[in-house]
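Numbers here are sequence positions counted from 1. Predicted model only: the values in this text are computed from it and were never measured. As the structure lists them, so they are numbered: ligands from 1, and atoms in each ligand from 1.
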Amino acid sequence: MSASLHVAVLMGGWSAEREVSLMSGKGIAEALESLGHRVTRIDMGRDVATKLTEAKPDIVFNALHGTPGEDGSVQGMLDLMGLKYTHSGMVTSVIAIDKVLTKQALVPHGIPMPGGRIVKSAEVFEGDPLKRPYVLKPVNEGSSVGVAIVTDDGNYGNPIGRDVAGPWQEFEELLAEPYVRGRELTTAILGGRALGVTELKPKSGWYDYDAKYTDGMTEHVFPAQIPDTIAAACKRLALEAHHLLGCKGASRSDFRWDDERGEDGLFLLEVNTQPGMTPLSLVPEQARHLGISYPELVQMIIDEALA
Ligand SMILES: Nc1ncnc2c1ncn2[C@@H]1O[C@H](COP(=O)(O)OP(=O)(O)O)[C@@H](O)[C@H]1O
Ligand SMILES: [Mg+2]
């Protein structure tokens with residue numbers, strides 16, 4: 001076992017994914033203690049720099065999700081403070097949290113992603129920005145927060161109604177993307193290799209916030225029952241995206257696969273640079289299938305940050 005460290009676990013904060021982050025942080029802190037490390041738990045507030053200065057940790061384990069925490073701001077602060085931290089650095093985080101910048105960085109390198117464009121929310125009340133079905137989603141949220149799937153049958157009205165609950169009420173601008181029918185796949189990268197492919201099968205509806213975080217609402221199939229060519233493509237694309245963006249530690253790439261279109265139907269949706277680390281989350285689950293326990297996973301992420 002490596003030397004005992006003093007690790008500050010940064011969690012919580014004020015993003016839309018605060019609750020998920022608190023669960024990730026709890027799991028990570030307990031794992032670190034089980035490994036013999038000393039842990040300072042920090043629920044991030046505006047005084048985070050003061051807390052870190054007082055704690056003087058050897059390293060910061062970033063267990064934050066969303067904005068702030070996954071967006072580069074915290075990474076920049078930690079850089080200025082001269083503190084080592086887990087996962088991706090500032091520039092990578094700034095790009096990866098933004099679904100438009102991610103496309104601009106990856107598509108020219110041949111990574112297939114759905115087309116799309118930014119629309120002012122007010123425009124969607126005038127008419128559809130894309131042919132139905134399509135997806136409207138915030139540019140820089142996570143956990144499916146604010147994602148609306150606009151179906152052919154006019155689930156939000158046709159045109160979308162101003163008074164119908166949806167992300168257009170909360171966000172001034174949204175990313176509109178063609179809806180990719182078919183299946184939901186995800187691949188984790190850890191220690192510079194792709195762990196595998198999980199298929200997510202929500203028991204009803206689509207892979208929204210509740211389907212992600214309510215135990216039993218989504219079946220996780222590992223390894224995904226898909227052709228070898230598609231599994232290989234997911235692993236290759238997730239690894240390429242990880243390297244092109246300059247990710248460090250663990251990342252997780254989300255895909256949609258239109259199984260009527262073979263390999264041409266595979267699209268990367270996004271790269272998560274601060275993937276969920278609750279004991280039920282996908283990265284720990286893929287690691288476990290490969291014989292890597294949750295504490296071992298946490299130690300591997302620490303080791304990569306120290307290297
Ligand atoms: N273009 C798309 N086609 C089909 N489903 C989509 C599309 N974009 C998003 N979704 C659905 O919304 C979920 C969340 O979208 P994603 O882009 O991964 O954002 P985040 O996970 O950061 O909220 C996806 O897992 C998928 O179920
Ligand atoms: Mg996602």
Whether Met113 lies under 4.0 Å from ligand 1, heavy atom: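 Flag not set, Met113 not near ligand 1.
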
Could you check whether [X] pairs with [Y] (Lys NZ or Arg NE/NH1/NH2 to Asp/Glu carboxylate O, under 4.0 Å)?
| X | Y | answer |
| --- | --- | --- |
| Glu126 | Lys120 | no |
| Glu199 | Arg183 | yes |
| Glu240 | Arg236 | yes |
| Arg132 | Asp153 | no |

What atoms of ligand 1 come within less than 4.0 Å of a heavy atom belonging to [X]?
| X | result |
| --- | --- |
| Tyr179 | 3 (N), 4 (C), 5 (N) |
| Glu184 | 24 (C), 25 (O), 26 (C), 27 (O) |
| Val147 | 12 (O) |
| Lys212 | 21 (O) |
| Asp254 | 18 (O) |

Looking only at protein heavy atoms, which one is nearest to [atom], and what is the separation?
| atom | value |
| --- | --- |
| atom 10 (N) of ligand 1 | Leu269 CD1, 4.0 Å |
| atom 9 (C) of ligand 1 | Lys137 NZ, 3.4 Å |
| atom 7 (C) of ligand 1 | Val135 CG2, 3.6 Å |
| atom 14 (C) of ligand 1 | Ser144 OG, 3.4 Å |

So is [X] polar-close to ligand 1, meaning N/O to N/O under 3.5 Å?
| X | value |
| --- | --- |
| Lys99 | yes |
| Pro178 | yes |
| Tyr207 | no |
| Glu270 | yes |
| Val180 | yes |

What distance do Met113 atom CE and Leu266 atom CG have between them, rounded to the nearest 0.5 Å?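 Between atom CE of Met113 and atom CG of Leu266 there are 11.5 Å.
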
About how many Å separate NZ of Lys84 and CD1 of Ile59, when rounded to the nearest 0.5 Å?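 Those atoms lie 7.5 Å apart.
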
For the residue pair Ile160 and Val150, what are the closest heavy atoms and their distance?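 Closest heavy-atom pair between Ile160 and Val150: CD1-CG2, 4.0 Å.
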
What part of Trp206, side chain from CB on, backbone N/CA/C/O, both or neither, has a heavy atom under 4.0 Å from ligand 1?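 The answer is the side chain.
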
Is the contact between Arg183 and ligand 1 made by the side chain, the backbone, both, or neither, using heavy atoms and a 4.0 Å cut-off?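 None of Arg183 does.
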
Could you check whether the rings of His289 and Phe222 sit parallel, tilted or perpendicular, using 30° and 60° as the cut-offs?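 Rings of His289 and Phe222: parallel, as their planes differ by under 30°.
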
The Mg ion (ligand 2) - name of the N/O/S atom of Glu270 that sits closest to it: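 It is OE2 of Glu270.
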
Name of the Asp254 N, O or S atom nearest the Mg ion (ligand 2)?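 Closest to the Mg ion (ligand 2) among those atoms: OD2.
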
Of Arg256, Lys201, Lys212, which is the lone residue that meets salt bridge (charged side-chain N to carboxylate O under 4.0 Å, His left out) with Glu184?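 Exactly one option meets the salt bridge (charged side-chain N to carboxylate O under 4.0 Å, His left out) with Glu184, and it is Arg256.
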
If you group Ile, Leu, Val, Met, Phe, Trp and Tyr by side-chain heavy-atom gaps below 4.5 Å, do Leu101 and Leu268 land in one group?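 Same cluster: Leu101 reaches Leu268 through Ile, Leu, Val, Met, Phe, Trp or Tyr contacts under 4.5 Å.
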
Measure from the side-chain N and O atoms of Glu177 to the backbone N and O of Gly116, and report whether any donor-acceptor pair falls under 3.5 Å.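 Checking the backbone N and O of Gly116 against the side chain of Glu177, no donor-acceptor pair under 3.5 Å is found.
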
Would a 4.5 Å heavy-atom cut-off, applied to side chains only, mark Leu282 and Leu200 as touching?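 Yes - at least one pair of side-chain heavy atoms lies under 4.5 Å apart.
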
